[in-house]
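What follows is a short report on a single structure.
Just so you know, ligand 1 is whichever comes first in the structure, and atom 1 is the first atom listed for that ligand. Here the structure is a predicted model, which means the values were calculated and not measured.
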Amino acid sequence: MTQVVYDVIVLGGGAGGVPAAIRAAQLGGRVAVIEHDNLGGLCMNQGCVPFGHMMVASKILGSLSLGKEMGLNFSPVSKDYGSLIKRQNELIAFMQQGVAGMLKKNNVELIEGRGKVAGRGQIEVNGEALQCKNIILASGAGWLKPNFPGADLEGVINSDDLLNMPKLPEKILLCGRSPWLIEIAQFLHSFDSEVILTTEEKSIFPDENKTIRTRLSKALKDQGIKILTSTEITGLTKKNDGLHAALARKDKEVRVVVDRVIALRRGSPLTGLGLDTVGLNEQGEFIQVDERMATSVEGIYATGDIAGPEQRHYSHLASTGGIIAAENAMGMDTLFDHRTIARVVFTQPQVACVGLTNKDAKRAGYDVITGSAPLSMNPFGMLTSQNNGMVEIVAEKKYGEILGIHIIGEGACEMAGQAVLAIQMEATLEELTRATFPHPTLSESLVEAARECLGRPIFLP
Ligand SMILES: Cc1cc2nc3c(=O)[nH]c(=O)nc-3n(C[C@H](O)[C@H](O)[C@H](O)COP(=O)(O)OP(=O)(O)OC[C@H]3O[C@@H](n4cnc5c(N)ncnc54)[C@H](O)[C@@H]3O)c2cc1C
């Protein structure tokens with residue numbers, strides 16, 4: 001009997017693996033995807049979708065105060081967490097079916113089981129060795145133990161554990177560098193939990209422009225969320241009344257008692273995937289890939305969380321990387337454009353940053369100009385009380401090429417799409433000022449920020 005030789009085998013049916021498999025099949029490949037758990041991966045089952053759904057609920061609650069300003073009253077407001085989770089789980093089940101259908105429609109074979117690399121062009125799954133010309137590793141990341149004393153204690157949980165709790169904890173300490181912690185903090189707060197968000201960094205979203213960092217912090221603090229920056233957990237003990245945390249903060253010690261500590265720290269467990277069989281390094285928390293999403297071993301590509309550090313764990317990055325890996329595996333020559341990856345959080349206000357910050361642009365040697373337009377001066381921003389929103393553009397002076405667009409406020413994550421296009425198409429400030437955006441929309445502020453960069457705003461004081 002002749003053995004089937006697949007063109008591509010994808011290890012992992014999540015945000016990166018599914019588009020990779022479909023694209024390889026579209027290019028005429030015989031393709032299999034191996035998944036040992038739910039299709040859709042972290043994003044669909046425990047990440048973007050459930051927490052995105054929770055942020056929608058949080059946004060509705062946040063909009064009630066705007067309704068009140070308009071004379072619309074919804075009191076008493078009631079919150080049924082059980083109903084929220086039921087709707088969420090139904091949506092996820094529906095989406096999982098959709099993914100299975102898409103794989104089937106594209107003739108991608110779905111193999112259920114835990115797979116591992118068994119050599120070049122070989123994957124082992126369910127005791128069988130499958131042959132293939134190319135492998136795409138898309139098995140994501142896993143939870144790493146948080147690095148503070150007491151991290152092993154019962155009550156120290158991650159976002160997966162939170163999703164499995166029938167009732168939300170009353171008092172929670174959140175710690176870590178993940179942007180998703182900020183979303184979780186806001187959701188819990190909007191569902192009446194008392195939250196303390198801590199970070200060892202000087203601010204939340206530490207790598208972004210100062211405007212974004214300070215406006216986001218202020219908005220969250222104004223909502224009643226306690227944020228402790230430059231703060232480390234130095235000890236955690238469990239007592240009858242809860243978890244006692246000792247926090248070191250700017251040479252002071254603060255003590256708090258909480259029901260739960262939510263700590264997010266992710267990295268890729270590279271052992272157990274058979275990487276040693278092909279000479280790939282199993283040390284570290286991710287696999288190095290080049291712009292073609294190729295690893296150092298011919299015929300082996302990687303995408304998503306397995307191929308980048310925690311601050312680059314984004315579903316859209318996994319999915320674009322998967323498509324690029326598939327195209328290259330199928331003989332094309334496609335490169336990943338790293339300039340256009342949006343860093344987002346779906347908090348209220350939303351944050352979306354695309355391209356270079358002022359600091360990074362200067363560090364890269366550009367002669368930088370910047371311009372900004374507050375959403376409080378935008379007509380739709382006024383209608384929706386966007387008091388802390390802002391669009392900020394970073395460009396290079398000589399040709400006016402747009403290098404970065406940074407947005408905070410309602411709709412920022414949707415506007416990020418326009419920012420991605422502008423940077424991908426190497427648009428200049430002049431070109432952006434010629435774009436006629438519909439009125440009244442928040443995206444008009446993109447144009448105004450470009451005009452401000454050029455020193456000729458129309459609608460700013
Ligand atoms: C709380 C939270 C919220 C988030 N929200 C967002 C968001 O709003 N937007 C955003 O862009 N990103 C978000 N992310 C990040 C996003 O979920 C990930 O970046 C994305 O899922 C990575 O995709 P991936 O394909 O690399 O991995 P995954 O989606 O995790 O998929 C990997 C798949 O591989 C399978 N697998 C692993 N090992 C094997 C094996 N040996 N054999 C077979 N199958 C295997 C797993 O079961 C899994 O299904 C969030 C993350 C968290 C933690």
Side-chain angles (χ1 to χ4, degrees), residues 9-21 32-56 95-96 99 110-118 123-126 130 135-144 157-163 174 176-188 262-275 286-287 289 293 301-323 325 341-347 350-352 413 416:
I9 295 184
V10 183
L11 194 60
V18 168
V33 58
I34 302 177
E35 174 56 60
H36 74 101
D37 201 346
N38 288 321
L39 272 178
L42 175 80
C43 176
M44 191 177 291
N45 299 288
Q46 293 102 1
C48 330
V49 172
F51 286 98
H53 186 249
M54 289 166 157
M55 291 322 290
V56 174
M95 289 184 192
Q96 281 168 353
V99 173
L110 173 63
I111 301 172
E112 290 176 20
R114 186 180 282 275
K116 64 177 191 175
V117 180
I123 292 267
E124 196 183 297
V125 59
N126 303 329
L130 306 177
I135 295 170
I136 299 179
L137 301 168
S139 51
W143 293 109
L144 302 176
I157 62 171
N158 58 41
S159 47
D160 293 0
D161 303 321
L162 180 68
L163 289 174
L174 298 102
R177 210 172 179 262
S178 167
W180 314 122
L181 265 180
I182 312 173
E183 287 190 0
I184 296 173
Q186 191 176 56
F187 168 74
L188 290 169
I262 301 183
L264 304 191
R265 185 165 168 251
R266 286 178 71 78
S268 297
L270 299 180
T271 47
L273 291 172
L275 302 181
F286 62 92
I287 297 176
V289 288
M293 307 311 289
Y301 299 81
T303 186
D305 292 357
I306 194 175
E310 192 176 11
Q311 62 271 29
R312 291 178 62 79
H313 286 186
Y314 284 107
S315 193
H316 39 284
L317 196 151
S319 130
T320 302
I323 291 169
I341 295 306
R343 289 101 55 193
V344 289
V345 272
F346 295 84
T347 39
Q350 291 186 351
V351 170
C413 296

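With respect to atom 45 (C) of ligand 1, the closest heavy atom belonging to the protein is His36 CD2, 3.1 Å. The closest protein non-hydrogen atom to atom 19 (O) of ligand 1 is Asp305 OD1, 2.8 Å. In this structure, the protein non-hydrogen atom closest to atom 32 (C) of ligand 1 is Ala138 O, 3.3 Å. Nearest protein heavy-atom contact of atom 31 (O) of ligand 1 is Gly14 CA, 3.4 Å. The protein heavy atom nearest to atom 25 (O) of ligand 1 is Gly16 N, 2.8 Å. Looking only at protein heavy atoms, the nearest one to atom 11 (O) of ligand 1 is Ser315 N, 2.8 Å. Remark: minimum distance from atom 15 (C) of ligand 1 to any protein heavy atom is reached at His313 O, 3.4 Å. Looking only at protein heavy atoms, the nearest one to atom 34 (O) of ligand 1 is Gly12 CA, 3.2 Å.
Every N/O-N/O distance between Ala141 and ligand 1 stays at or above 3.5 Å. Taking only nitrogen or oxygen atoms, main chain and side chain alike, Arg266 does not reach within less than 3.5 Å of ligand 1. For ligand 1, the polar-atom distance check against Gly304 finds no nitrogen or oxygen pair separated by under 3.5 Å. For ligand 1, the polar-atom distance check finds an N/O of Cys43 within less than 3.5 Å of one of the ligand's N/O atoms. For ligand 1, the polar-atom distance check against Glu183 finds no nitrogen or oxygen pair separated by under 3.5 Å.
By the 6.0 Å contact criterion, CD on Gln311 is enclosed, its count of non-hydrogen atoms from other residues, nucleotides or ligands being greater than 12.
Pairing each heavy atom of Phe51 with each of Gln46, the nearest pair is CE1-O, 3.4 Å.
Listed by number with element, the atoms of ligand 1 under 4.0 Å from a non-hydrogen atom of Ser159 are 1 (C), 53 (C).
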